[in-house]
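Okay, so here's the structure we're looking at.
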2 protein chains.
Amino acid sequence: MTQTTSSPASAPNSEAHRDGPLPRQRRTYSIGELAKMFEVTNRTIRFYEQEGLLAPERRGQTRIYSEKDRVRLKLTLRGKRLGFSLAEIREVVMMYDAMPDGNRRQLKRLLEILANKRADLEQQLEDIRLMQLDIDDVERRARDVLASLGDEAND
Amino acid sequence: MTQTTSSPASAPNSEAHRDGPLPRQRRTYSIGELAKMFEVTNRTIRFYEQEGLLAPERRGQTRIYSEKDRVRLKLTLRGKRLGFSLAEIREVVMMYDAMPDGNRRQLKRLLEILANKRADLEQQLEDIRLMQLDIDDVERRARDVLASLGDEAND
DNA sequence: CAAGCACTTTACGTTAACGTAAACCTCGGC
DNA sequence: GCCGAGGTTTACGTTAACGTAAAGTGCTTG
């Protein structure tokens, strides 16, 4: 749940160091499994593929999702909850994948994007903090009023 | 910047206690002023009014925004940054205003909504925490690669 | 072998949150 | 008097992120 870095196959020439308990689970998923697992529709998953966020294999016509796909989906949905657009999410996720090629300009760009994301997240944290305070205040008032009402007869 | 609760006029029968330095600024704003102030377009502000989030006065045909309107706009935009829909924002903001009437069912509903918002915010905090960790990881990797590249010639 | 279930593609529909264009008023200043 | 900078209404256009319907494929199960 907390370990994301897997990169199972397709590693050209760099060995993975410090992998931890390396998940040897060679599981795959159907579209329906993933859909239920994350409480989205099949349509949504296909749409994400169309948008370049997922790239499942095919057994004939049927899509076969790997562990990596599952992680990607998880990250995508998390990004969505935070208000990022699919385009933004794709930009980061794909760069994450394209990293080992070590193109310098790409990496610089990636660091830029990460800095921006960081700033966005900071802003969101601040927003949440403020909004929590507001909610606290509203709730206090509501409870006060409720209490002052005591046991009246309406509802 | 941090104090929100003002409720200047239109308080029917309850005196405001603990008001602090009570902002006696009887300022009003034009639509353009607010727009620049919050870096949105006039259209956006009119749209928010149409959606019941703002209710400026009129001097003839021209809209006159009060301090309260400004606060509402601020809250609305904050809510937006957190991914709430205008409908959700309206529901809370309007109830906040309608509070003094002390309708029991309304208040209960309000407390429900607040609880939900709280849960959402908690989820977002968790998401942010996780995403920050991910970003940290990606950045570390990127910097590693950049470093290992040393001083090559591409770009 | 027929039914059913899960999967597929294609394609048009929908909603939220505005953008944008046209056509109009109105006010202070030169 | 008119002109530019603001304001206004009306209304159609746009984008993202899917929903939904139609029509077909492929397996396995009674």
Side-chain angles (χ1 to χ4, degrees), chain A residues 27-66 69-70 72-94 113 117 120 124 127, chain B residues 27-66 69-70 72-94 113 117 120 124 127:
Chain A
R27 264 211 74 182
T28 66
Y29 308 88
S30 75
I31 192 171
E33 286 176 315
L34 281 188
K36 288 208 165 182
M37 178 174 305
F38 290 104
E39 302 194 284
V40 297
T41 68
N42 298 18
R43 168 63 173 142
T44 297
I45 294 182
R46 292 199 198 95
F47 181 70
Y48 288 172
E49 174 180 355
Q50 174 183 322
E51 293 299 300
L53 287 162
L54 301 174
E57 316 233 309
R58 297 279 183 143
R59 185 184 191 82
Q61 205 173 215
T62 304
R63 292 170 174 82
I64 308 284
Y65 297 89
S66 67
D69 289 317
R70 206 212 43 160
R72 277 209 189 186
L73 179 54
K74 186 182 69 182
L75 294 178
T76 298
L77 294 175
R78 182 186 296 162
K80 280 224 59 186
R81 283 197 300 270
L82 292 177
F84 295 120
S85 75
L86 294 185
E88 293 177 301
I89 296 170
R90 176 183 44 205
E91 202 173 6
V92 170
V93 169
M94 292 192 65
I113 294 183
K117 296 289 176 213
D120 286 3
Q124 290 206 22
D127 284 342
Chain B
R27 263 211 74 184
T28 66
Y29 306 88
S30 76
I31 192 170
E33 285 177 315
L34 280 188
K36 288 209 164 181
M37 180 173 304
F38 290 103
E39 302 194 285
V40 298
T41 67
N42 298 19
R43 168 65 171 139
T44 296
I45 295 183
R46 291 198 197 97
F47 181 71
Y48 288 172
E49 174 179 355
Q50 175 183 321
E51 294 299 300
L53 287 163
L54 301 175
E57 316 233 308
R58 297 277 183 144
R59 186 186 190 80
Q61 206 173 213
T62 305
R63 293 170 172 83
I64 308 285
Y65 296 88
S66 68
D69 290 316
R70 205 211 44 157
R72 276 208 191 186
L73 179 53
K74 187 182 68 182
L75 294 178
T76 298
L77 294 175
R78 181 186 297 161
K80 280 223 58 187
R81 283 197 300 269
L82 293 177
F84 297 119
S85 73
L86 294 184
E88 294 176 301
I89 296 170
R90 176 181 45 204
E91 202 172 6
V92 170
V93 169
M94 292 193 65
I113 294 182
K117 297 288 175 212
D120 286 1
Q124 290 206 23
D127 285 342

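Quick caveat, the model's predicted, so the values are computed rather than measured. Chain A is the first sequence line, chain B the second, and so forth, proteins listed ahead of strands; every chain is numbered from 1.
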side-chain hydrogen bond (donor to acceptor under 3.5 Å, both in side chains) against A/Gln124, all qualifying residues, sequence neighbours excluded: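 A/Gln124 satisfies side-chain hydrogen bond (donor to acceptor under 3.5 Å, both in side chains) with no residue once adjacent residues are dropped.
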side-chain hydrogen bond (donor to acceptor under 3.5 Å, both in side chains) involving B/Arg46 - partner list, sequence neighbours excluded: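 Listed in chain order: nothing, the list is empty.
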Minimal non-hydrogen separation, A/Ser30 against A/Tyr65, with atom names: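 Taking every non-hydrogen atom into account, C-CD1, 4.0 Å.
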Note: B/Lys80-B/Glu51 ion pair, threshold 4.0 Å (strictly below):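 No, this pair does not count.
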Under 3.5 Å donor-acceptor, B/Arg72 side chain and B/Leu53 backbone: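 Between the backbone of B/Leu53 and the side chain of B/Arg72 there is a qualifying donor-acceptor contact (under 3.5 Å).
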Sequence-aligned protein contact record of nucleotides 8-21 of chain D, with B where the base is within under 4.0 Å of a protein heavy atom and S where only the sugar-phosphate is: BB-------BBBB-
Interatomic distance, A/Ile45 CD1 vs C/dT8 P [rounded to whole Å]: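 Rounded to the whole Å, the gap is 10 Å.
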Short side-chain N/O contact from A/Ser30 to OP1 or OP2 of C/dA6, under 4.0 Å: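 Answer is no, no contact under 4.0 Å.
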